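Note sheet for the following structure.
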Amino acid sequence: MLSKKENEYLIEQITRLKQEKKAVILAHNYQRPEVLDIADIQGDSLELSRAAAKTEARVIVFCGVRFMAETASILCPDKVVLLPRADAACPLANHITVSQLNDLRQKYPQAVIVCYVNSSAEVKAASDICCTSANAIRVVNSLNGTKQVVMLPDQNLALHVAAHTDKEIIAWEGGCPAHCQLQAEEVRQMKAAYPRAKFMAHPECDQKVLELADCVTSTSGMLRYVDQSGAEEFIVGTEEGMIHVLQVAFPEKKFYHFPRPMICQDMKKITLASIVESLTKMQHVVSVPDEIRKPALECLSRMMKLG
Ligand code: SF4
């Protein structure tokens, strides 16, 4: 852990480098608190990419994992997208390859293939339409004339959608390690300890966990739910970084996380020091080659047109 003085020094460096390089810093809600605090924009992966597309900045420092930086590069190919740690990957996104996706297409020729935004650029390019945890149900139900849908790579999200659609959902068996670890028994214990608290769960959690939730939603949905809810206390069923985001947004409310914290190790790889290094050396540039970028952009655009 760095001292206050060391932190302040790094923040000064980041402020100077940002001006010098005309850069903007985007941070996903699961980043370390000190990274979230210095970010120009915080949010979920799609909110950040949309923000990236609108920014005047020449350089985007994406504090997140690789598929998010790829999405920013797909949406704004004229900008330099930096991922401060080259090894910040998403195990869920890496759970399916294009060759496995092509096997699914052969096996289910009538099905529409919906990929979660947590997927590689190559997988997006080979899919029909993208979805996020916030709009997955809406995306699937918008597929008029389609009876069968393959959803990948997150099985829990697919099962959650299956409960809210008449379409047949074929789920790929991938999962997020941080969200899959949460057990229903841990939720019951927290509810007993904080009986007035509302339980919010991310759809990447197990179905038995989701059954106990007052609200199943994305991280951006959690912010809206807390804002609109009359409740004062909340149990937060997603990666622990979200507690900081919620606590800063609603200082008068209480947020509880689980004794066995849900931590995404890859998100936590990025530190203030790695951001300084990234901007100084202009590393690690993430760019998607045109032959992948164009079909991946179509896949994302079909979703974005739904609003
Ligand atoms: S929290 Fe899970 S889905 Fe999100 S980046 Fe980490 S491993 Fe991937």
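What you see is a predicted model, and the numbers here were worked out from it, not measured in a lab. Worth knowing before you read on, the calculation uses all heavy atoms, side chains too, and leaves out hydrogens, waters and symmetry mates.
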Notebook entry, point to check: Does Ser287 have any side-chain hydrogen bond (donor to acceptor under 3.5 Å, both in side chains) partners at least two apart in sequence or in another chain, and if so, which?
Noted result: none
Next item on the list: May I ask you to decide if His160's main-chain N or O and His164's side chain share a donor-acceptor pair within less than 3.5 Å?
Entry: yes
Check: For Glu291, does the CD atom have more than 12 heavy-atom neighbours from other residues, nucleotides or ligands under 6.0 Å away?
Finding: yes
Next item on the list: Using a strict cut-off of less than 4.0 Å between a Lys/Arg side-chain nitrogen and an Asp/Glu carboxylate oxygen, indicate whether Lys208 and Glu211 qualify as a salt bridge.
Entry: no
Item checked: Thr132 side-chain N/O to Ala134 backbone N/O, donor-acceptor pair under 3.5 Å -> yes
Notebook entry, point to check: Between Glu20 and Leu17, does a side-chain contact (heavy atoms from CB on, under 4.5 Å) hold up when you go through it step by step?
Noted result: CA-CA 5 Å; Glu20 237 176 77; Leu17 284 161; 4.3 Å; yes
Check: Can you name the residues that form a side-chain hydrogen bond (donor to acceptor under 3.5 Å, both in side chains) with Asn156, not counting sequence neighbours?
Finding: none
Note to self: Would you say that Met262 contacts Cys205 through its side chain, given a criterion of any heavy-atom pair below 4.5 Å between the two side chains?
What the structure shows: yes
Check: For the residue pair Phe199 and Phe258, does the interplanar ring angle fall in the parallel (under 30°), tilted (30 to 60°) or perpendicular (over 60°) class?
Finding: perpendicular
Item checked: Sidechain-backbone polar pair: Gln31 side chain, His28 backbone, donor-acceptor under 3.5 Å -> no
Notebook entry, point to check: In terms of side-chain heavy atoms, does Thr238 have a donor or acceptor partner in His179 at a distance below 3.5 Å?
Noted result: yes
Next item on the list: With side chain to side chain donor-acceptor pair (under 3.5 Å) as the test, would you mind laying out the steps for Glu240 and Tyr30 before giving the verdict?
Entry: CA-CA 7 Å; Glu240 60 146 32; Tyr30 298 160; over 6 Å; no
Next item on the list: State whether a side-chain donor-acceptor pair under 3.5 Å links Asp37 with His244.
Entry: yes
Margin query: My understanding is that only residues two or more places apart in sequence, or in another chain, count here; which of them pass side-chain hydrogen bond (donor to acceptor under 3.5 Å, both in side chains) with His257?
Written below: none
Check: So does Glu298 pair up with Lys294, basic N to acidic O under 4.0 Å?
Finding: no
Next item on the list: Give a yes or no answer on whether the side chain of Lys124 reaches the backbone of Ser119 with a donor-acceptor pair at less than 3.5 Å.
Entry: yes
Item checked: Taking every non-hydrogen atom, the tightest pair across Ser49 and Met68 -> OG-O, 4.0 Å
Checklist line | Check: Leu26 and Ile60 side chains under 4.5 Å, non-hydrogen atoms | finding: yes
Check: Which residue, Val149, Val139, Ile169, Val114, forms the side-chain contact (heavy atoms from CB on, under 4.5 Å) with Val161?
Finding: Ile169
Note to self: Determine whether Phe255 and Ile235 satisfy the following criterion, side-chain contact (heavy atoms from CB on, under 4.5 Å), listing intermediate values before the conclusion.
What the structure shows: CA-CA 6 Å; Phe255 301 97; Ile235 301 165; over 6 Å; no
Margin query: Please determine whether side-chain contact (heavy atoms from CB on, under 4.5 Å) holds for the pair Ile170 and Tyr108, giving the CA-CA distance in whole Å, both sets of side-chain angles, and the decisive distance to 0.1 Å.
Written below: CA-CA 9 Å; Ile170 296 143; Tyr108 304 104; 3.5 Å; yes
Note to self: Any non-hydrogen side-chain atom of Leu152 less than 4.5 Å from a side-chain atom of Val123?
What the structure shows: yes
Next item on the list: Keeping the roles fixed (side chain from Gln228, backbone from Tyr225), state whether a donor-acceptor pair exists under 3.5 Å.
Entry: no
Note to self: Quick check: closest heavy atoms across Trp172 and Leu104, and the distance to 0.1 Å?
What the structure shows: CE3-CD1, 3.7 Å
Next item on the list: I would like to know whether Asp40 and Lys18 meet salt bridge (Lys or Arg N to Asp or Glu O under 4.0 Å); could you show each step before the answer?
Entry: CA-CA 10 Å; Asp40 297 298; Lys18 253 180 29 176; 2.8 Å; yes
Checklist line | Donor-acceptor contact present, side-chain Arg224 to main-chain Thr219, <3.5 Å | finding: no
Note to self: Hydrophobic cluster membership, with links at side-chain heavy-atom distances under 4.5 Å among I/L/V/M/F/W/Y: are Leu46 and Val61 in one?
What the structure shows: no
Next item on the list: Quick one: do Lys253 and Phe234 satisfy side-chain contact (heavy atoms from CB on, under 4.5 Å)? Show the steps, please.
Entry: CA-CA 8 Å; Lys253 301 204 178 195; Phe234 301 85; 3.7 Å; yes
Check: Short question: side chain of Asn141, backbone of Arg138 - any donor-acceptor pair under 3.5 Å?
Finding: no
Check: With side chains defined as the heavy atoms from C-beta onward, is the minimum distance between Leu143 and Lys167 less than 4.5 Å?
Finding: yes
Note to self: Within the 4.5 Å heavy-atom criterion, are Gln183 and Val187 side-chain neighbours or not?
What the structure shows: no
Next item on the list: Would you please say whether a donor-acceptor pair under 3.5 Å links the side chains of Asp44 and Ser218?
Entry: no
Checklist line | Thr15/Glu12 under side chain to side chain donor-acceptor pair (under 3.5 Å): CA gap, chis, key distance, verdict | finding: CA-CA 5 Å; Thr15 310; Glu12 270 173 36; over 6 Å; no
Next item on the list: Compare all side-chain heavy atoms of Ile270 with those of Arg32 and state whether any distance is below 4.5 angstrom.
Entry: no
Item checked: Under-4.0 Å salt bridge between Lys269 and Asp266 -> yes
Throw together a table of side-chain donor-acceptor distances under 3.5 angstrom for residues 69-87, partners on residues two or more places apart or in other chains.
{"residue": "Glu70", "atom": "OE1", "partner": "Ala121", "partner atom": "N", "Å": "2.8"}
{"residue": "Thr71", "atom": "OG1", "partner": "Phe67", "partner atom": "O", "Å": "2.8"}
{"residue": "Lys79", "atom": "NZ", "partner": "Thr55", "partner atom": "O", "Å": "2.9"}
{"residue": "Lys79", "atom": "NZ", "partner": "Ala57", "partner atom": "O", "Å": "3.3"}
{"residue": "Arg85", "atom": "NE", "partner": "Asp87", "partner atom": "OD1", "Å": "2.9"}
{"residue": "Arg85", "atom": "NH2", "partner": "Asp87", "partner atom": "OD1", "Å": "3.3"}
{"residue": "Arg85", "atom": "NH2", "partner": "Asp87", "partner atom": "OD2", "Å": "2.8"}

Next item on the list: Decide salt bridge (Lys or Arg N to Asp or Glu O under 4.0 Å) for Asp290 and Arg293; before the verdict, give the C-alpha distance in whole Å, the side-chain angles of both, and the deciding distance to 0.1 Å.
Entry: CA-CA 5 Å; Asp290 255 11; Arg293 194 187 81 78; 3.6 Å; yes
Check: Which one of Lys191, Lys198, Arg196, Lys254 satisfies the salt bridge (charged side-chain N to carboxylate O under 4.0 Å, His left out) criterion with Glu233?
Finding: Arg196
Margin query: Taking the side chain as everything from C-beta on, heavy atoms only, tell me whether Met151 gets closer than 4.5 Å to Val140.
Written below: yes
Next item on the list: For Lys281, enumerate each residue passing the side-chain hydrogen bond (donor to acceptor under 3.5 Å, both in side chains) test, keeping only those at least two apart in sequence or located in another chain.
Entry: Glu277
Checklist line | Heavy-atom side-chain contact between Val286 and Arg66 under 4.5 Å | finding: yes
Margin query: Between Ser99 and Asn102, do the side chains contain a donor N or O and an acceptor N or O under 3.5 Å apart?
Written below: no
Note to self: For the CD atom on Glu56, are there more than 12 heavy atoms of other groups (residues, nucleotides or ligands in this structure) within a distance under 6.0 Å?
What the structure shows: no
Margin query: For the residue pair Glu168 / Gln148, report whether a side-chain donor-acceptor contact shorter than 3.5 Å exists.
Written below: yes
Next item on the list: Name all residues meeting the ring-ring contact (aromatic ring centres under 6.0 Å, His included) criterion together with Tyr9; count only those two or more places apart in sequence or in a different chain, and write none if there are none.
Entry: none
